[in-house]
Amino acid sequence: MNIFDIYLDKIKNLIKKLNDKGLIELPESLKGINVDIPPPNFDYDISTNVSMVLSKINRKSPLDIANQLIDLIKKEDSYIENITVAKPGFINIKFNKTYWNNFVKEIHTNYKKFGVNNKEKKQKYLIEFVSANPTGPLHVGHCRGAILGDVISNILLFNNHVVLKEYYVNDYGNQIVSFTKSVFFRIKEILNNEKFPIENPDLYPGDYLIEIAKNIISNNKKLNFDKFENISDKLTIIAVSESLKLIKENLKSLGINHDNFISETNIVNNKEVESVISKLKEKDFIYQGKIEAPKSENGKDWVKRKQLLFKSTNFGDDKDRALQKSDKSWTYFASDVAYHNNKLDRNFDILINILGADHAGYIKRITSAVEAISGTKNKLICKVSQLVKLIKDGKPFKMSKRKGDYITVEDLVSEVGKDATRFIMLNRSSDVELDFDFTKVKEKSKDNPLYYVQYCYARISSVFRHVNIDINKELKFNNYNFEYSKDEIKILKKISEWPKCIEVASSKLEPHRIPIYLYELASDFHSYWNMGKDNTDKRFINEKKIISNEKLVFLKIISNVIKSGMKIVGVDTPEKM
RNA sequence: GCGCUGCUAGCUCAACUGGAUAGAGCACCAGAUUUCGAAUCUGGGGGUUAUAGGUUCGACUCCUAUGUGGCGCACCA
């Protein structure tokens, strides 16, 4: 039930009819025509720009065309109370009482489907997000991408798509070797009192390694930890799984569950890299060659080598990319190409990757590779989440990985809570750096949009409590013949925008639109609520402690939208705060 | 040097994929609580949307150039 789409179709059909009769000319595409909300100072419900789009090809002024159309539009539609033409050529429409009653009836009885986008073709999505190195618990930097990916999944699921949430475990390569060594030294420290070589910059100094080491010792009493070389393979597997345990706990505390964890080592061991490379070779995207040094390197330490390269320049990348190191082992890129080949083999319609800002430069080459393998453009969509600037007591808070002093997800969630973390992290476009102010996020006041929205739901709940009706039960009405006031229609109009909000959030993968919408809806509601102070007629419950059906349904549909929005964002809607 | 990304009120940000007089919150000023919960609301001041061009009926939105901030530019992952 998207009123904007319904009227867009009506208008398009009308002008097509007129075109068949030879009364007007149509442009090649009707894409430019849209139906929107008029600015608030106009007392109308929807508006359209048709006449502006048709103006040029018909060589008439938009105003003339608009005047030609309005009578025809009105004649075909019994819900229009008033239709007029405004300045440049907009057509404004105001609906009558019957219209709004039908609207309320529809979204009240079918509230579960309200907002769901039925126009989109149902697709199979694979969304990869977080994929942090399994070398320790998650820190704040991982948080934003994690929440972004989770909420994008929720939106897609809300629209009835099939979604698989996947975590790629980078358990192959040098970082894992360093990590395993660090765990090894911690074990030696505990068992033999050998001091951990803290001065070695390649090792991971964090205290969590001690916990991991302790767990490994107590769970693997039979293992001999004397020589690193003898147990490195075994230890790697154990250490990575310990670290994944921590990561999964962190994700759980944020309310995030991945459907699938996939291991890089498995991909390499299954020879998937070799097979994807031979596939690309057949298509002539691979060659032996040399790449130029990057400008920033001064050319000093740069050695030109002949190596296996992928022709990503064919797809608009600035240079071709290396697949193999000089010791013949695979680069990260090579195994990632294999991983994406693996994704493609599983027959998804669309792949989505959520990346951190520091990986933005990587997008071109991996989308190139996916295009080369699949032969289709835009099969892989990469979404970048920008940095989070931490602020504590008004001052920026720096994290240092070397010192091992950084804020973990655990710290964050225990301090500000899951809901506030999710809501605030989403309250901005992911293209923009985000200030995350600890002191403000903890504050339960108007500074904090989460509580503002939750408070709206709590207020509605309190009305239901007062009249002894369970807010979670469905209300039954047959007679929808209510007289809504101007202020109520303002809120109904806001509610009518909900499907549009979902549609944009979904098509642009911009979940931040949802918290922003909910905030606006809550704002309209709070404003309406306060009118009851001056004017007792506007209170939901009258002096006789009775609430009219009209107001009951009205409250119910607001609470339904807030609830379903908050569910997508992944936060609670408490009935009392 | 190259690439990606941002630049909107004093501050933090919106603006429905090109629409009408660019909107909120914070801060500032002035008001509203015998309440259906003040974790709220009402009103006020505050803008050449970084700058200069271009595209068109119409630009915060698209294009070009410049300035400026962030991130990236490996055989790392």
Side-chain angles (χ1 to χ4, degrees), chain A residues 4 32 34 36-42 47 49 52-53 55-56 61-62 86-90 92 133 135 170 172-176 264 291 293-297 302-303 305 307 317-319 322-327 329-333 335-336 356-364 384 386-387 389 427-429 431-435 437 440 443-449 451-452 454-456 458-467 497 500-501 503-505 507-508 510 512-513 516-517 519-520 523 526-534 536 539-542 545 547 551 555 576-577:
Chain A
F4 303 98
N34 44 40
D36 280 315
I37 304 120
N41 45 317
F42 289 84
S47 76
N49 64 345
M52 257 97 86
V53 177
S55 157
K56 195 170 188 181
S61 87
K87 232 186 349 188
F90 288 100
N92 286 319
N133 289 336
T135 54
N170 300 130
Y172 177 85
N174 294 332
Q175 285 189 217
I176 291 300
E264 182 178 4
I291 40 175
K295 297 277 185 208
S296 65
E297 289 287 314
W302 185 259
V303 188
R305 301 188 184 79
Q307 56 193 160
D317 202 358
D318 21 317
K319 58 172 88 168
L323 293 160
Q324 205 166 27
K325 305 180 199 171
S326 51
D327 67 358
S329 66
W330 300 115
T331 62
Y332 172 78
F333 177 58
S335 59
D336 207 24
D358 49 342
H359 287 67
Y362 188 75
I363 294 175
K364 200 84 210 181
V384 174
Q386 288 297 328
L387 297 180
K389 268 193 279 179
N427 208 21
R428 297 265 172 278
S429 157
D431 300 332
V432 177
E433 274 190 46
L434 174 88
D435 284 355
D437 191 324
K440 274 195 183 164
E443 216 169 282
K444 297 194 172 181
S445 74
K446 51 188 157 188
D447 276 5
N448 191 326
Y451 297 113
Y452 188 86
Q454 287 184 331
Y455 185 43
C456 171
R459 273 182 155 173
I460 293 173
S461 306
S462 87
V463 174
F464 278 76
R465 261 201 312 279
H466 276 276
V467 294
E497 289 175 40
K500 210 168 185 174
C501 170
E503 189 185 327
V504 176
S507 66
K508 295 174 94 171
E510 291 184 351
H512 74 280
R513 289 166 190 274
I516 286 171
Y517 171 86
Y519 186 88
E520 287 168 359
S523 174
H526 286 311
S527 177
Y528 180 81
W529 177 282
N530 275 62
M531 286 175 190
K533 281 176 188 164
D534 299 332
T536 46
R539 295 193 182 173
F540 292 99
I541 300 173
N542 65 20
K545 298 266 174 196
I547 184 165
K551 300 217 163 167
L555 283 173
K576 268 184 180 177
M577 291 172 69

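So you know, we letter chains A, B, ... as the sequences are listed, proteins then strands, and number each from 1.
Between A:Tyr528 and A:Phe540, the gap from one ring centroid to the other is short of 6.0 Å.
Between the CH2 atom of A:Trp330 and the C1' atom of B:A77 there is a distance of 17 Å, rounded to whole Å. The separation between A:Lys533 atom NZ and B:G37 atom P is 11 Å, rounded to whole Å. Rounding to whole angstrom units, CG of residue A:Asp318 and C1' of B:G3 are separated by 6 Å. B:G72 atom C1' lies 11 Å from atom CG of A:Leu387, rounded to whole Å. A straight line from CD of A:Gln386 to C1' of B:C71 spans 7 Å, rounded to a whole angstrom. In this structure, CG of A:Leu555 is placed 9 Å from C1' of B:C36, rounded to the nearest angstrom. What separates CG of A:Asn530 from P of B:U42 is a distance of 7 Å, to the nearest Å. Between A:Lys389 atom NZ and B:G70 atom P the separation is 9 Å, expressed in whole Å.
In this structure, A:Phe333 reaches neither bases nor backbone, as no heavy-atom distance under 4.0 Å exists between it and the strands shown. Contact annotation for A:Asn41: base contact, defined as any heavy-atom pair under 4.0 Å involving a base atom. Contacts of A:Tyr517 with the nucleic acid, taken as non-hydrogen atoms under 4.0 Å apart, are absent. Using a 4.0 Å heavy-atom criterion, one finds that A:Arg539 contacts the bases of the nucleic acid, with or without backbone contacts as well. Note on A:Thr331: only backbone sugar-phosphate atoms sit closer than 4.0 angstrom, heavy atoms only; bases stay farther off. Looking at heavy-atom distances under 4.0 Å, A:Ala86 makes contact with a base. Nucleic acid contact class of A:Lys56 (heavy atoms, under 4.0 Å, all strands): sugar-phosphate only.
Annotation: B:U51 and B:U8 have their C1' atoms spaced 14 Å apart (nearest Å). Here, B:C60 and B:C7 have their C1' atoms 11 Å apart, quoted to the whole Å. Between the C1' atoms of B:C62 and B:U56, the separation comes to 11 Å (whole Å). Rounded to a whole angstrom, the distance from the P atom of B:U48 to that of B:A9 is 9 Å. Nucleotides B:G47 and B:C13, compared at atom C1', are 15 Å apart to the nearest Å. The same atom, P, is picked in B:G45 and in B:A30; the two are 16 Å apart, to the nearest Å. When the P atom is used for both B:U21 and B:G58, the distance is 13 Å, rounded to whole Å. Between the P atoms of B:A27 and B:U12, the separation comes to 15 Å (whole Å).
Within the 4.5 Å cutoff, side-chain heavy atoms of A:His526 are placed close to those of A:Cys456. Put simply, the side chain of A:Lys576 reaches to within 4.5 Å of the side chain of A:Arg465, judged on heavy atoms.
Between A:Lys325 and B:A77 there is a side-chain N or O to OP1 or OP2 distance below 4.0 Å. Listed pair A:Tyr451 / B:A39 fails the phosphate criterion, with no side-chain N or O lying under 4.0 Å from OP1 or OP2. The side chain of A:Tyr455 contributes no N or O atom lying less than 4.0 Å from OP1 or OP2 of B:C41. Listed pair A:Lys87 / B:A20 fails the phosphate criterion, with no side-chain N or O lying under 4.0 Å from OP1 or OP2. Side-chain N/O atoms of A:Ser527 include one lying less than 4.0 angstrom from OP1 or OP2 on B:U42. Between A:His526 and the phosphate of B:A39, there is no side-chain N or O to OP1/OP2 separation shorter than 4.0 Å. Regarding contacts with the backbone of B:A77, a side-chain N or O of A:Asn174 is found under 4.0 angstrom from either OP1 or OP2.
At least one donor-acceptor pair under 3.5 Å links the side chain of A:Lys551 to the backbone N or O of A:Arg539. The backbone N or O of A:Lys325 sits nowhere less than 3.5 Å from a side-chain atom of A:Ser329 that would complete a donor-acceptor pair. Of the possible donor and acceptor atoms, none in the side chain of A:Ser47 sits under 3.5 Å from a partner among the backbone N and O of A:Asn92. A:Asn49 contributes a side-chain N or O that, together with a main-chain N or O of A:Asn34, makes up a donor-acceptor pair within less than 3.5 Å. With hydrogens and angles ignored, the 3.5 Å screen pairs no side-chain donor or acceptor of A:Ser335 with any backbone N or O of A:Glu264.
Remark: B:C7 base-pairs with B:G67. Criterion, Watson-Crick or G-U wobble with two distances under 3.5 Å. With a cut-off of 3.5 Å on both pairing distances, the Watson-Crick or G-U wobble partner of B:C62 is B:G54. With both pairing distances under 3.5 Å, B:C13 is matched to B:G23 as a Watson-Crick or G-U wobble pair. Figure legend. B:G46 is base-paired to no nucleotide; pairs are counted as Watson-Crick or G-U wobble with both atom distances under 3.5 Å. Across all strands shown, the partner of B:C2 is B:G72, judged by Watson-Crick or G-U wobble contacts whose two distances both fall under 3.5 Å. The partner of B:G31 is B:C41, by the rule that a Watson-Crick or G-U pair needs both atom distances under 3.5 Å.
Among B:A77, B:A20, B:C4, the nucleotide with an atom closest to any side-chain atom of A:Ala360 is B:C4. The side chain of A:Tyr332 has B:A77 as its nearest neighbour among B:A77, B:C41, B:A20. Checking B:C41, B:G37, B:G70 against every side-chain atom of A:Met577, the shortest atom distance belongs to B:G37. Checking B:A39, B:G72, B:C41 against every side-chain atom of A:Asp358, the shortest atom distance belongs to B:G72. Across B:C76, B:G37, B:C73, the shortest atom-to-atom separation from the side chain of A:Lys319 is found for B:C73.
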Practice problem: Run the numbers on A:Ile541 and A:Val463 for side chain to side chain contact (heavy atoms under 4.5 Å, CB included), then give the verdict. | Solution: CA-CA 7 Å; A:Ile541 300 173; A:Val463 174; 3.9 Å; yes

Self-check item: Chi angles and distances behind the side chain to side chain contact (heavy atoms under 4.5 Å, CB included) call for A:Phe4, A:Asp36
Solution: CA-CA 7 Å; A:Phe4 303 98; A:Asp36 280 315; 5.7 Å; no

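No donor-acceptor contact under 3.5 Å links the side chain of A:Ser523 to the base of B:A24.
In terms of position along RNA chain B, the nucleotide closest to A:Pro40 lies nearer the 5' end than the nucleotide closest to the other residue of the pair A:Pro40 and A:Gln307. Between A:Trp529 and A:Asp327, the residue anchored nearer the 5' end of RNA chain B, judged by the nucleotide with its closest heavy atom, is A:Trp529.
Distance check, rounded to the nearest 0.5 Å: CD1 of A:Ile460 to CH2 of A:Trp529 gives 8.5 Å.
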Quiz item: Reading nucleotides 13-19 of chain B from the 5' end, what letters show protein touch, with B for base, S for backbone sugar-phosphate only, - for no heavy atom under 4.0 Å?
Solution: SSSBB-B

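Side-chain atoms of A:Tyr362 and A:Asp336 include a donor-acceptor pair closer than 3.5 Å.
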